[in-house]
Amino acid sequence: MASPPHLARRTLIAVAALAMTVTAGAAAVTLAPTPSSAAACNGYVALTFDDGPNPATTNSLLNALRSAGARATMFNTGQNAQNNGALVRAQRDAGMWVENHSWSHPNMTQLSQSQMASEISRTQQVIQQLTGTAPRLFRPPYGATNATLRAVQAQYGLTEVIWDVDSQDWNGASTAAIVQAAGRLQAGGVILMHDNYQTTIQAIPQIVANLSSRGLCPGMISPTTGRAVAPDGTTPPPTTPPPTTPPPTTPPPTTPPPTTPPPTTPPPTTPPPAAGGCRVAYGVNAWNSGLTADITITNTGNSTINGWSLSFALPSGQTIVGGWNASYSPTSGQVTARNASYNGTINPGASVGIGFQANHTGNTARPSSFTLNGATCALA
């Protein structure tokens, strides 16, 4: 707070395989490959876990993922990786993607460019030494990013990955609340979780089962787009082929056009469906003079939203310094967040997650109201 060559095939289908034993420190962990309950995947999401590896929890996390037939992305800190090399190799051997989460988990935007480079390069080096593969993804701690950091990431060939859904496990969320948060994931989406919480580990079986019931499967994060795709890096095929219709064997009979005009039908008297509504959930994580805000926008109406802008008054003393999944203008006062190219459509009942990092002068209050495309949203 990528993929071993021999595990590059898709694993979320029913397969029969031998059990795998991984040795981590003094303990041998048996990771039995269990087939996913999803017969077909209509889309993929990314389960991500930050801040590992941790001696007290990583083995349990890997066991839970393997038992659920799921693979995930591990954003490790360099310090933890260096101090727990056997666990990093256990992550790799369990089929997880091991990626870069900085060396010491600082707020990267408060560092100089050379300090940013040190945090990233040292972590790249230790993970490559332990797994044989250099990370291709970078998650900035706290989701805090800016143009300088993105330029440094590019120097190391890294794609920045934030998240669409925050599980809030770091904020004391219960297992049930973590499962509920994962229910907001849509195809291509990414959820933020952490390596070191038992509540998160206990949520994994239900998260994967709920995804399966919606035709979604855990996948990898594309280093090209930063979005979730199939574990082999492909997009899912259609679940059923289009129907084939044989050509007619005899020409259709010719029918003369009607000699009488068609009957006129009065327009329907029922009104069109109601325009839509919205609900906004807002979470904030503050420290010293900075904060990160996670915003979830839910379409509570019955019409699809195509293109959106969310307006709100940023509390006095707060200034946005970077954001994800939306563009923000201006960065203080009355702010408008506009959709990114990939999340402008929100279907009825669906949600989209956005967020930003801000500086503050002691005021960490939340905006009191939000309007989506000019309509006032309810607050979750």
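Everything numeric here is computed off the predicted structure, so don't read it as measured data. When a residue number appears, it is its place in the shown sequence, counting from 1.
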Donor-acceptor check, side chain of Ser67 to backbone of Ala64, threshold 3.5 angstrom: yes or no? no
Can you list every ring pair (Phe, Tyr, Trp, His ring centres under 6.0 Å) pair that touches residues 207-226, not counting sequence neighbours? none
Could you tell me whether the side chain of Asn373 and the main chain of Gly307 form a donor-acceptor pair under 3.5 Å? yes
What closest approach, in Å, do Val208 and Ala70 show between heavy atoms, and which atom pair accounts for it? CG2-CB, 4.0 Å
Under 3.5 Å, is there a donor-acceptor pair linking the side chains of Thr298 and Arg184? no
Would you say Glu99's side chain and Arg136's backbone share a donor-acceptor pair under 3.5 angstrom? yes
I need the full list of salt bridge (charged side-chain N to carboxylate O under 4.0 Å, His left out) pairs touching residues 207-231, with sequence neighbours left out, sorted by first then second residue. Asp164-Arg227
Supply the atom-to-atom distance Asn100 CG to Thr159 OG1, rounded to the nearest 0.5 angstrom. 12.0 Å
Are the side chain of Asn343 and the backbone N or O of Ala340 linked by a donor-acceptor pair below 3.5 Å? yes
Applying side-chain contact (heavy atoms from CB on, under 4.5 Å) to Thr145 and not counting sequence neighbours gives Pro140, Leu149, Arg150, Gln153, Glu160
Donor-acceptor check, side chain of Asn325 to backbone of Gly353, threshold 3.5 angstrom: yes or no? yes
To the nearest 0.5 angstrom, please state how far the CG atom of Asp294 sits from the CG atom of Leu192. 7.5 Å
Determine whether Asn59 and Leu87 make a side-chain contact, defined as any pair of heavy atoms from C-beta on separated by less than 4.5 Å. yes
Residue pair Asn54 / His194, side-chain heavy-atom distance below 4.5 Å: no
Under the side chain to side chain donor-acceptor pair (under 3.5 Å) test, residues paired with Thr48 that sit two or more places apart: Arg139
Start with the C-alpha distance between Thr133 and Thr131, add both sets of side-chain angles, then the distance that settles side chain to side chain donor-acceptor pair (under 3.5 Å), and finish with yes or no. CA-CA 5 Å; Thr133 304; Thr131 67; 4.7 Å; no
What I want to check is whether the side chains of Asn76 and Gln91 have a donor and an acceptor closer together than 3.5 Å. yes
Testing the basics here: between Pro315 and Asn363, what is the closest heavy-atom pair and its distance to 0.1 Å? CB-ND2, 3.7 Å
Distance from Gln155 atom CD to Met116 atom CE, nearest 0.5 Å? 11.0 Å
Are Leu65 and Arg71 close enough that some pair of their side-chain heavy atoms sits under 4.5 Å apart? no
If hydrophobic clusters are built from ILVMFWY residues whose side chains come within less than 4.5 Å, do Leu158 and Leu111 share one? yes
Do you see a donor-acceptor pair shorter than 3.5 Å between the side chains of Ser104 and Glu119? yes
Can you find a heavy atom in the side chain of Ile297 that is under 4.5 Å from one in the side chain of Cys377? no
Step-by-step side-chain contact (heavy atoms from CB on, under 4.5 Å) determination, Ser102 to Phe75: CA-CA 9 Å; Ser102 80; Phe75 284 103; over 6 Å; no
Do Val88 and Trp103 land in one hydrophobic cluster if side-chain heavy atoms of ILVMFWY residues count as linked below 4.5 Å? yes
State, to 0.1 Å, how close Pro135 and Ile127 come at their nearest heavy-atom pair, and which atoms those are. CG-CG2, 3.7 Å
Of the non-hydrogen atoms in Ala72 and Met96, which two are nearest, and what is the gap between them? N-SD, 3.2 Å
With the 4.5 Å side-chain cut-off for hydrophobic clustering, are Phe49 and Val165 part of the same group? yes
Could you see if Ile120 belongs to whatever hydrophobic cluster contains Val161? Use Ile, Leu, Val, Met, Phe, Trp, Tyr and a side-chain cutoff under 4.5 Å. no
Where Ala326 and Trp308 come nearest, the two heavy atoms and their spacing: CB-CH2, 4.2 Å
What is the distance from atom OG1 of Thr296 to atom CZ of Arg279, rounded to the nearest 0.5 Å? 9.5 Å
Where Thr319 and Ser332 come nearest, the two heavy atoms and their spacing: OG1-CB, 4.2 Å
Separation between CG of Asn339 and CG of Leu372, rounded to the nearest 0.5 Å: 9.5 Å
Result for side chain to side chain contact (heavy atoms under 4.5 Å, CB included) between Leu310 and one of Val335, Thr336, Val280 points to Val280
Are any side-chain N or O atoms of Thr175 and backbone N or O atoms of Ala203, one a donor and one an acceptor, separated by less than 3.5 Å? no
Looking at OH of Tyr197 and CG of Asn171, how far apart are the two atoms once the value is rounded to the nearest 0.5 Å? 9.0 Å
Decide whether Asp195 and Thr57 meet the rule of one side-chain donor and one side-chain acceptor closer than 3.5 Å. yes
Is the CD atom of Gln79 crowded by more than 12 outside heavy atoms at less than 6.0 Å? yes
Is any side-chain heavy atom of Met193 closer than 4.5 Å to one of Leu47? yes
Would Leu211 end up clustered with Leu61 when hydrophobic side chains under 4.5 Å apart are linked, directly or stepwise? yes
Side chains of Val321 and Asn146, heavy atoms from C-beta outward: is any pair under 4.5 Å? no
Is there a side-chain contact between Trp170 and Asn285, using heavy atoms and a 4.5 Å cut-off? yes
Please walk me through it: do Phe356 and Thr331 pass side-chain contact (heavy atoms from CB on, under 4.5 Å)? CA-CA 10 Å; Phe356 60 83; Thr331 56; over 6 Å; no
Using the side-chain hydrogen bond (donor to acceptor under 3.5 Å, both in side chains) definition, which of the options Ser329, Ser311, Ser327 pairs with Arg338? Ser329
Measure from the side-chain N and O atoms of Gln318 to the backbone N and O of Ala365, and report whether any donor-acceptor pair falls under 3.5 Å. yes
Please, which pairs that meet disulfide (SG to SG under 2.5 Å) have at least one residue in residues 155-186, sequence neighbours excluded? none
Going by heavy atoms in the side chains, are Thr304 and Thr345 under 4.5 Å from each other? yes
Got a sec, which pairs hit ring pair (Phe, Tyr, Trp, His ring centres under 6.0 Å) with one end in residues 360-380, sequence neighbours left out? Tyr282-Phe370, Phe312-Phe370
